[in-house]
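Structure first, then comments.
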Amino acid sequence: MYQKIFNKFYDSYGPQGWWPISGKNRTGKAEDRPLHVPKHHNGPPKTENDILEIMLGAILTQNTNWKNVEKAIENLSKNNLINQEKLQQIPQNALAEFIRSAGYYNQKAKSIKNQIHFLEDNPIEDLKSKKLEDLRKILLDIKGIGPETADSILLYAFQKPSFVVDAYTKRIFSRIGIIIADDSYDQVKQAFETGLKQDVTLFKEYHALIVEHGKNVCKTHPTCETCILAHDCAFARKHLNTKTK
DNA sequence: CGCCAGGGCCTCA
DNA sequence: TGAGGCCATGGC
């Protein structure tokens, strides 16, 4: 079932090419991109600063629209702050001003400082070779990094097959009827990881496609009329029925 | 205007 | 361990 839904997403939305990276590898904003051309085309991050940017973005996007996050990242980027040494030196209050647009800027500035401090003791180069579970545990020990942020970092920064569960995932799949709305994070994660081949590329694309679907179709007020999963979805069937009555 | 966005921490039972 | 309050900007 999970693979089948992935296929439907992929066939209709095309490859997403996550994680979105500032200024690089944009395929342009063309809404009319050919379906087979990824929306972004970022493979595994090439440099340590790319990894760092993903780690920062994962914190900045917590409960926040990505558009607001992009502004914050651009702001950091043009001030050469996507850099470990610079982030070590900058005071938390000053950092907060650069990321204001991402919201919760005081909390996030603190989280980023915690993360940077962690990287001082644990160089990115050393983290790459760690096992998924070990790396996940130590990421979760950083204050400001919870399960979703940790899994995003594992998957998109370090290419570890850790499925990312977010609000969209819960909303979409509970509406379909194959998970329960108040299942725990780990329950949902396990359901996906059990139902899919453990494959980094698959996990990366799947989460990105879920976000795409959740933003545009399975919204708080969903547009079931145009939803490609309407026939698979308990919520959509009921919704469409009561509407035409 | 009010609602919502790719959560996580702290507190209090 | 789980529910509720809190953090905050910007787009629509």
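Residue numbers start from 1 in every chain, and the chains themselves are labelled A, B, ... in the order their sequence lines are given, proteins ahead of strands. Treat the numbers as computed from the prediction; the structure is a model and nothing was measured.
Counting only heavy atoms from C-beta on, A/Thr220 has its side chain closest to B/dC4 among B/dC4, B/dG8, C/dG10. The side chain of A/Lys71 lies closest to C/dG10 when the candidates are C/dC7, C/dG10, B/dC4.
C/dT9 and B/dA5 make up a base pair, with Watson-Crick or G-U wobble contacts both under 3.5 Å. Look at C/dA3: its Watson-Crick or wobble partner, with both distances under 3.5 angstrom, is B/dT11.
In this entry the distance linking NZ of A/Lys219 with C1' of C/dC12 reads 11 Å, nearest Å. Rounding to whole angstrom units, CG of residue A/Asp183 and P of C/dT1 are separated by 17 Å. A/Asp182 has its CG atom 12 Å from the P atom of C/dG4, to the nearest Å. Rounded to an integer number of Å, the gap from A/Asn63 CG to C/dG10 P is 16 Å. In this structure, the NZ atom of A/Lys108 is 18 Å from the P atom of C/dC6, given to the nearest Å. If you take NZ of A/Lys215 and P of C/dC12, they are 12 Å apart, rounded to a whole angstrom. If you take CD1 of A/Ile172 and P of B/dA5, they are 12 Å apart, rounded to a whole angstrom. If you take NZ of A/Lys170 and C1' of B/dG7, they are 11 Å apart, rounded to a whole angstrom.
Within the nucleic acid shown, A/Glu148 comes within 4.0 Å of sugar-phosphate atoms alone, with no base atom in reach, counting heavy atoms only. Note on A/Ile145: only backbone sugar-phosphate atoms sit closer than 4.0 angstrom, heavy atoms only; bases stay farther off.
Not one side-chain nitrogen or oxygen of A/Asn65 sits closer than 4.0 Å to the OP1 or OP2 atom of B/dA5. The phosphate of C/dA8 has OP1 or OP2 within less than 4.0 Å of a side-chain N or O from A/Asn106. For C/dA8, the OP1/OP2 oxygens have no side-chain nitrogen or oxygen of A/Thr64 closer than 4.0 Å. The phosphate of B/dC10 (OP1 or OP2) has a side-chain N or O of A/Lys143 nearer than 4.0 angstrom.
Below 30°, between 30° and 60°, or above 60°: for A/Tyr206 and A/Phe173 the angle between ring planes is above 60°, a perpendicular geometry. Between A/His213 and A/Phe9, the ring planes are tilted. Angles from 30° to 60° get that label.
Take the nearest nucleotide of DNA chain B for A/Ile142 and for A/Tyr156: the residue whose nucleotide is more 5' is A/Tyr156. Nearest-nucleotide mapping onto DNA chain B: of A/Asn68 and A/Leu140, the residue sitting toward the 5' end is A/Asn68.
Using a 3.5 Å distance cut-off with no hydrogens or angles, the side chains of A/Asp186 and A/Gln190 do not pair a donor with an acceptor.
Of all heavy-atom pairs spanning A/Lys197 and A/Leu202, the tightest one is O-CD2, 3.6 Å. The shortest heavy-atom contact between A/Asn68 and A/Ser101 is O-OG, 2.9 Å.
Atom CD1 of A/Ile180 has 12 or fewer neighbouring heavy atoms from other residues, nucleotides or ligands inside a 6.0 Å radius. Environment of NZ in A/Lys67: sparse, with no more than 12 heavy atoms of neighbouring residues, nucleotides or ligands closer than 6.0 Å.
A gap of 22 Å separates the P atoms of C/dG10 and B/dG8, to the nearest Å.
Less than 4.0 Å separates DNA chain C from at least one heavy atom of each of the following residues of residues 92-104 of chain A: A/Arg100, A/Ser101, A/Gly103, A/Tyr104.
Side-chain heavy atoms closer than 4.5 Å link hydrophobic residues (I, L, V, M, F, W, Y) into clusters, and following such links, even through other members, never connects A/Phe235 to A/Ile210.
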